[in-house]
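Chain letters run A, B, ... following the sequence lines, proteins first, then strands; residues in each count from 1. Side chains included, hydrogens not; waters and symmetry mates left out as well; all remaining heavy atoms used. Note that the structure is a prediction, hence the values are computed from the model and not measured.
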Amino acid sequence: MSRPEEAESEPSDQPSPDEGILAGLNAQQRTAAGHGDGPLLIVAGAGTGKTTTLAARVAHLIQEDADPAGILLLTFTRRAATEMLERVARRLRGAMGDAGERAAREVWGGTFHGVAARVLRVYHAALGLPRDFSILDRGDTEDLLDLCRGRLELPSASGKGAGARFPKKAVCAAVLSRSANSGETVAETLETRYPHLMQHEAALRRLFDLYDEAKGEQNLLDFDDLLLFWEALAADPKAGPALRSRFPRVLVDEYQDTNVLQARLLKNLAPDGRGLTAVGDDAQAIYSFRAATIRNILDFGEHYPAATVLPLETNYRSTAAVLTVANAVIAAAAERHEKTLTATRQIGPKPLVVRCRDEAEQARFIADRVLELRESGLELDKQAALFRASHHSLALELELQKRDVPFKKFGGLRFLETAHVKDLLAFLRLAENPRDEISALRCLLLLPGIGRGRATKAVAALREAGGEFSTWADSPAPSGGASEWTAFVSLMQTLAANRDDLSSQIRRIRNLYRPLMEATYANAAERNRDLEQIELLAGRGRDRASFLADLTLDPPSSAAATAGPHEDEERLTLSTMHSAKGLEFEAVYVLNACQGGIPSDQAEDDAAIEEERRLFYVAVTRARTHLTICHPLTRHLKPRGLRDGYGFAELTPFLTPAALAGCEVMPASEDAVDAAPPTPAATVTAADVRAAIRGRRG
DNA sequence: GGTTAGCGGTTTTTT
DNA sequence: ACCGCTAACC
């Protein structure tokens with residue numbers, strides 16, 4: 001694709017041999033990539049070639065003789081790490097040939113959690129941790145907490161009595177995780193975020209203690225443990241120095257979305273900041289719900305007094321027209337690092353703000369426009385629809401389905417979080433770690449004739465037998481499901497031996513599970529296809545433990561993204577704004593840009609509204625050329641305590657007059673011009689009016 | 001005693 | 001779609 005309108009071309013990862021490893025970078029990028037050993041913060045605005053710069057910096061370090069296996073590259077997603085390391089390899093190949101490419105593969109790249117797991121598998125012995133711990137995802141954490149709550153005989157979550165209500169498992173997990181990630185005590189977290197639960201502080205702390213104990217006994221670590229154990233190792237007076245000399249270089253991407261725990265970990269990995277590089281943009285901080293704090297990036301200079309702070313301000317992604325609107329959106333933010341992004345791409349259409357009658361019209365409009373651009377040569381792969389909450393895309397999904405437009409959806413309920421997928425994996429996880437009681441319970445409860453009572457007893461028997469599944473063969477089969485029980489016990493014994501190829505193990509599980517699934521789910525055939533995907537995903541010769549860990553730490557974001565019958569078919573992207581972080585598209589459609597859509601109606605205090613503003617900014621800055629912001633005039637409302645209904649929706653306040661001045665505002669159809677503004681219900685009804693008309697006729 | 005079916009009240013964003 | 005409760009059923 002040629003883009004003659006560009007004043008400057010995007011930095012390239014294929015340097016010509018005479019320009020050296022930093023070839024193709026602009027002056028600001030070159031300074032950042034070539035910086036020495038001191039602590040470095042790169043404040044990189046949206047689309048300013050952050051990935052290019054970071055990749056060049058890693059390549060530069062390796063060329064300057066840093067041991068690639070001593071470089072940690074911490075990114076927000078695994079995909080970001082993979083992409084970055086590919087770019088490092090490309091640069092190094094130019095400078096060092098094949099040896100350079102091999103060096104790039106030695107870098108330890110991944111998410112904080114992924115790298116933590118890898119570090120702990122290597123250094124487990126230093127902490128007296130077993131090497132083969134299993135990793136709990138969010139759902140597992142909740143289930144185990146729930147189990148512990150039962151053991152403590154705490155009041156249940158939905159008791160009818162008004163005062164006695166104990167928080168639900170999801171809330172308990174949120175409190176615990178927030179406290180771990182923010183560095184606050186449980187009491188502080190309750191006070192600041194959950195004041196209505198303060199009466200339960202003592203009970204919650206007992207619950208969390210028991211949960212920790214259970215994890216210890218069952219050889220489990222949750223997401224937060226991965227970071228906490230890594231931090232403990234780094235902070236240790238004996239092990240810490242060894243870890244530091246093993247990894248003298250640490251580079252962190254998306255630094256604005258790190259939390260107190262992660263900052264503490266980094267401080268322990270590089271106490272004076274030597275070898276530390278952080279890259280981020282305070283204007284794109286959108287993860288405070290995960291305890292991320294913008295203070296990390298704003299206070300970098302105070303945490304590391306020797307720090308150099310370098311900005312990247314030349315935007316290579318978006319046209320000037322798009323950037324004008326983006327700059328106006330973020331200019332209204334309450335607190336921010338002042339920086340001005342300048343565009344290199346001058347020519348492009350004005351962003352559109354489209355008034356739609358309702359969500360259905362919004363869906364039709366977007367589908368029309370996607371196909372129109374597709375006709376003019378812009379592939380579906382280069383277009384994306386972005387929304388605040390996963391369910392906002394429902395109407396659009398229906399419309400696309402109707403018109404046979406292929407799409408893949410990111411964000412929201414994950415493939416791995418669906419019941420049938422979790423069921424299948426529970427068998428594998430139990431075989432891998434027979435002490436894992438959550439997985440054991442899940443498997444047992446699937447079997448006919450086994451409910452809570454028998455399942456609990458079977459788990460206890462397994463524990464006492466030291467994880468030998470043969471102990472189950474001796475106990476009597478339940479009356480209602482003798483054959484299933486026998487098949488299950490023999491399956492577990494086979495899996496425990498771990499002699500078959502992983503995909504044949506999954507095949508065996510599916511054979512047992514399929515009839516059970518057919519009895520439970522109406523759409524068993526569809527679900528069975530998902531399970532086939534897992535079998536394919538497992539591939540050949542895959543190690544079971546690492547397969548399970550990878551799946552937990554880097555879950556496939558959608559079933560369609562994993563594979564499917566038309567794997568390489570081009571598809572439109574549907575994504576939550578959160579999941580679109582770091583990506584770019586030629587054409588972006590923002591859905592539900594209305595009050596209650598973005599900002600979400602869940603956002604209440606000023607800080608939350610500011611974060612919604614940054615989220616909207618993230619969405620807008622994903623667009624390279626075509627930006628279409630849709631605003632339905634009526635919206636499905638579900639206010640607390642009221643019945644469902646439709647209400648008038650105002651345009652998002654984030655499109656300030658200054659931002660709107662850069663846009664072309666248009667209705668999607670004639671209908672969309674005159675939708676009713678908020679009007680109180682009239683005292684007369686249509687029937688009254690008809691009666692009056694009749695009366696007037698005499 | 002223990003399992004299963006049915007019902008009513010919730011569901012932002014994610015490693 | 002999911003959780004937790006209640007009431008029928010073995």
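- Remark: T576(A) is not in phosphate contact with dT12(B), judged by side-chain N or O atoms under 4.0 Å from OP1 or OP2.
- The side chain of K457(A) contributes an N or O atom lying less than 4.0 Å from OP1 or OP2 of dG2(B).
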Atom pairs, N/O to N/O, protein against nucleotides 8-10 of chain B, distance under 3.5 Å?
none

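- One finds a side-chain N or O of S579(A) lying less than 4.0 angstrom from the OP1 or OP2 phosphate oxygen of dT14(B).
- Nucleic acid contact class of F112(A) (heavy atoms, under 4.0 Å, all strands): none.
- In this structure, D605(A) places its CG atom where more than 12 heavy-atom neighbours from other residues, nucleotides or ligands lie under 6.0 Å away.
- If you look at Y123(A) and W230(A), their ring centroids are not closer than 6.0 Å.
- Scanning residues 446-456 of chain A for heavy-atom distances under 4.0 Å to DNA chain B yields P448(A), G449(A), I450(A), G451(A), R452(A), G453(A), R454(A).
- D146(A) comes within 4.0 angstrom of sugar-phosphate atoms only, judged by non-hydrogen atoms across all strands, and of no base.
- Using a 4.0 Å cut-off between charged side-chain N and carboxylate O, D530(A) and R527(A) make no salt bridge.
- The salt bridge (charged side-chain N to carboxylate O under 4.0 Å, His left out) contacts involving residues 71-82 of chain A comprise R78(A)-D550(A), R78(A)-D554(A), where partners must be two or more places apart or lie in separate chains.
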Using atom names, set out every protein N or O paired with an N or O of nucleotides 7-10 of chain C below 3.5 Å, distance rounded to 0.1 Å.
none

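- With sequence neighbours excluded, the residues forming a side-chain contact (heavy atoms from CB on, under 4.5 Å) with L190(A) are V175(A), V186(A), Y194(A), L197(A), M198(A), E201(A), L204(A), listed by chain and number.
- Ion pairing of K168(A) with E142(A) is absent here, as no side-chain N (NZ or NE/NH1/NH2) approaches a carboxylate O to less than 4.0 Å.
- Considering only residues two or more places apart in sequence or on other chains, H113(A) meets the ring pair (Phe, Tyr, Trp, His ring centres under 6.0 Å) condition with F223(A).
- Listed by first then second residue, pairs satisfying salt bridge (charged side-chain N to carboxylate O under 4.0 Å, His left out) with a partner in residues 444-461 of chain A number zero, not counting sequence neighbours.
- Y255(A) pairs by the ring pair (Phe, Tyr, Trp, His ring centres under 6.0 Å) definition with F300(A), not counting sequence neighbours.
- Between L394(A) atom CG and dT12(B) atom P the separation is 15 Å, expressed in whole Å.
- Between D257(A) and K581(A) there is a salt bridge, since a side-chain N of the basic residue sits under 4.0 Å from a carboxylate O of the acidic one.
- Take Y287(A) and apply the ring pair (Phe, Tyr, Trp, His ring centres under 6.0 Å) test, not counting sequence neighbours, and it matches F76(A), F289(A), H578(A).
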DNA chain B in dot-bracket, Watson-Crick or G-U pairs under 3.5 Å, [ ] crossing, | other strand?
||||||||||.....
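- For the side chain to side chain donor-acceptor pair (under 3.5 Å) condition, the pairs that include at least one residue of residues 608-622 of chain A, sequence neighbours left out, are Q284(A)-R622(A), S288(A)-E611(A), R388(A)-E612(A), E610(A)-R613(A), E611(A)-R614(A).
- Comparing dT12(B), dT13(B), dT15(B) against the side chain of R138(A) picks out dT15(B) as the nearest.
- Using a 5.5 Å limit on the distance between ring centres and a 30° limit on the angle between planes, the aromatic ring of F289(A) counts as stacked on the six-membered base ring of dT13(B).
- Listed nucleotides dT14(B), dC3(C), dT12(B) differ in distance to R290(A); the shortest reach to its side chain belongs to dT14(B).
- Out of dT12(B), dG4(C), dC2(C), the shortest distance to the side chain of A419(A) is found at dC2(C).
- For F247(A), the ring pair (Phe, Tyr, Trp, His ring centres under 6.0 Å) partners two or more places apart in sequence, or in a different chain, are W108(A).
- Ion pairing between K50(A) and E254(A) holds under the 4.0 Å rule for side-chain N and carboxylate O.
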